[in-house]
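Presented below is the structure to which this report refers.
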Amino acid sequence: MSAQITKAEVAKHKDEKSMYIIIDDGVYEIANFVDEHPGGAKILKRFAGKDATKQFWKYHSKGVMDKWGAKLKVGTLKEEAKL
């Protein structure tokens, strides 16, 4: 079972050593993938610590998620109470 991670915890991971992004309900650690990203590191750094779902699906297909998702996933987004 994967770890439950809150949006606040994801937001703390936005530096060179530890970068998390949210795609759908999954949390992905992308710090080691930054240099391999075909679109360049600048794009990933822009979304570090944030929800990148809309932008991810705009430019990527399901095949990209199938290839990299399992390797980079560190947990799922924990549901929080909406006030």
Side-chain angles (χ1 to χ4, degrees):
M1 185 171 164
S2 60
Q4 295 281 309
I5 303 170
T6 65
K7 283 187 177 182
E9 291 169 336
V10 171
K12 293 177 187 176
H13 295 273
K14 56 185 176 184
D15 59 18
E16 297 283 330
K17 297 176 186 171
S18 177
M19 281 190 230
Y20 284 10
I21 59 170
I22 300 168
I23 300 173
D24 295 328
D25 65 343
V27 178
Y28 301 87
E29 210 286 295
I30 58 168
N32 295 327
F33 178 71
V34 170
D35 295 328
E36 296 178 45
H37 188 257
K42 183 178 178 181
I43 294 168
L44 292 180
K45 289 177 183 178
R46 183 182 309 148
F47 291 104
K50 300 177 185 173
D51 188 338
T53 302
K54 184 176 178 181
Q55 294 81 5
F56 179 85
W57 291 116
K58 182 176 180 180
Y59 297 105
H60 301 85
S61 67
K62 186 175 177 337
V64 174
M65 184 58 78
D66 292 342
K67 180 178 179 182
W68 293 100
K71 296 175 188 175
L72 301 175
K73 190 169 186 174
V74 292
T76 56
L77 194 60
K78 184 177 183 180
E79 290 187 30
E80 298 174 328
K82 295 181 182 179
L83 303 176

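In what follows, residues are counted from 1 in the order of the sequence shown.
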For Tyr59 and Ile43, run side chain to side chain contact (heavy atoms under 4.5 Å, CB included): C-alpha distance rounded to whole Å, both residues' side-chain angles, the deciding distance at 0.1 Å, then the answer.
CA-CA 12 Å; Tyr59 297 105; Ile43 294 168; over 6 Å; no
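Contact of the Lys7 side chain with the Leu77 side chain is registered, since non-hydrogen atoms from C-beta on lie closer than 4.5 Å. Side-chain contact between Tyr20 and Ile30 is absent, with no heavy atoms from C-beta onward closer than 4.5 Å.
Taken from CG in Leu44 to NZ in Lys42, the straight-line distance is 12.5 Å, to the nearest 0.5 Å. With rounding to the nearest 0.5 angstrom, the CD atom of Gln55 is 10.0 Å from the CD1 atom of Ile23. The structure places CE of Met65 at 9.0 Å from CG of Leu72, a figure rounded to the nearest 0.5 Å.
By the 30° and 60° cut-offs, the orientation of the rings of His60 relative to Phe56 is parallel. Note on ring orientation: taking the six-membered ring where Trp is involved, the planes of Phe33 and Trp68 are tilted (angle from 30° to 60°).
Closest heavy-atom contact between Glu9 and His13: O-CD2, 2.9 Å. Of all heavy-atom pairs spanning Gly69 and Tyr28, the tightest one is O-CE2, 3.4 Å. For the residue pair Thr76 and Val27, the shortest heavy atom distance occurs at C-CG2, 4.0 Å. In terms of heavy atoms, Ile5 sits closest to Val10 at CG2-CG2, 3.7 Å.
Sorted by first then second residue, the salt bridge (Lys or Arg N to Asp or Glu O under 4.0 Å) pairs that include residues 65-74, not counting sequence neighbours, are Lys62-Asp66.
In this structure, Thr6 contributes its side chain and Lys78 its backbone to no donor-acceptor pair below 3.5 Å. A donor-acceptor contact shorter than 3.5 Å is absent between the side chain of Asp24 and the backbone of Gly26.
In this structure Glu36 satisfies the salt bridge (charged side-chain N to carboxylate O under 4.0 Å, His left out) test with no other residue, sequence neighbours excluded. Lys45 meets the salt bridge (charged side-chain N to carboxylate O under 4.0 Å, His left out) test with Glu16; sequence neighbours excluded.
Both Ile21 and Met19 are assigned to one and the same hydrophobic cluster, defined by single-linkage of ILVMFWY side chains at heavy-atom distances under 4.5 Å. In terms of hydrophobic clustering, with Ile, Leu, Val, Met, Phe, Trp and Tyr side chains grouped at heavy-atom distances under 4.5 Å, Phe47 and Ile22 are assigned to different clusters.
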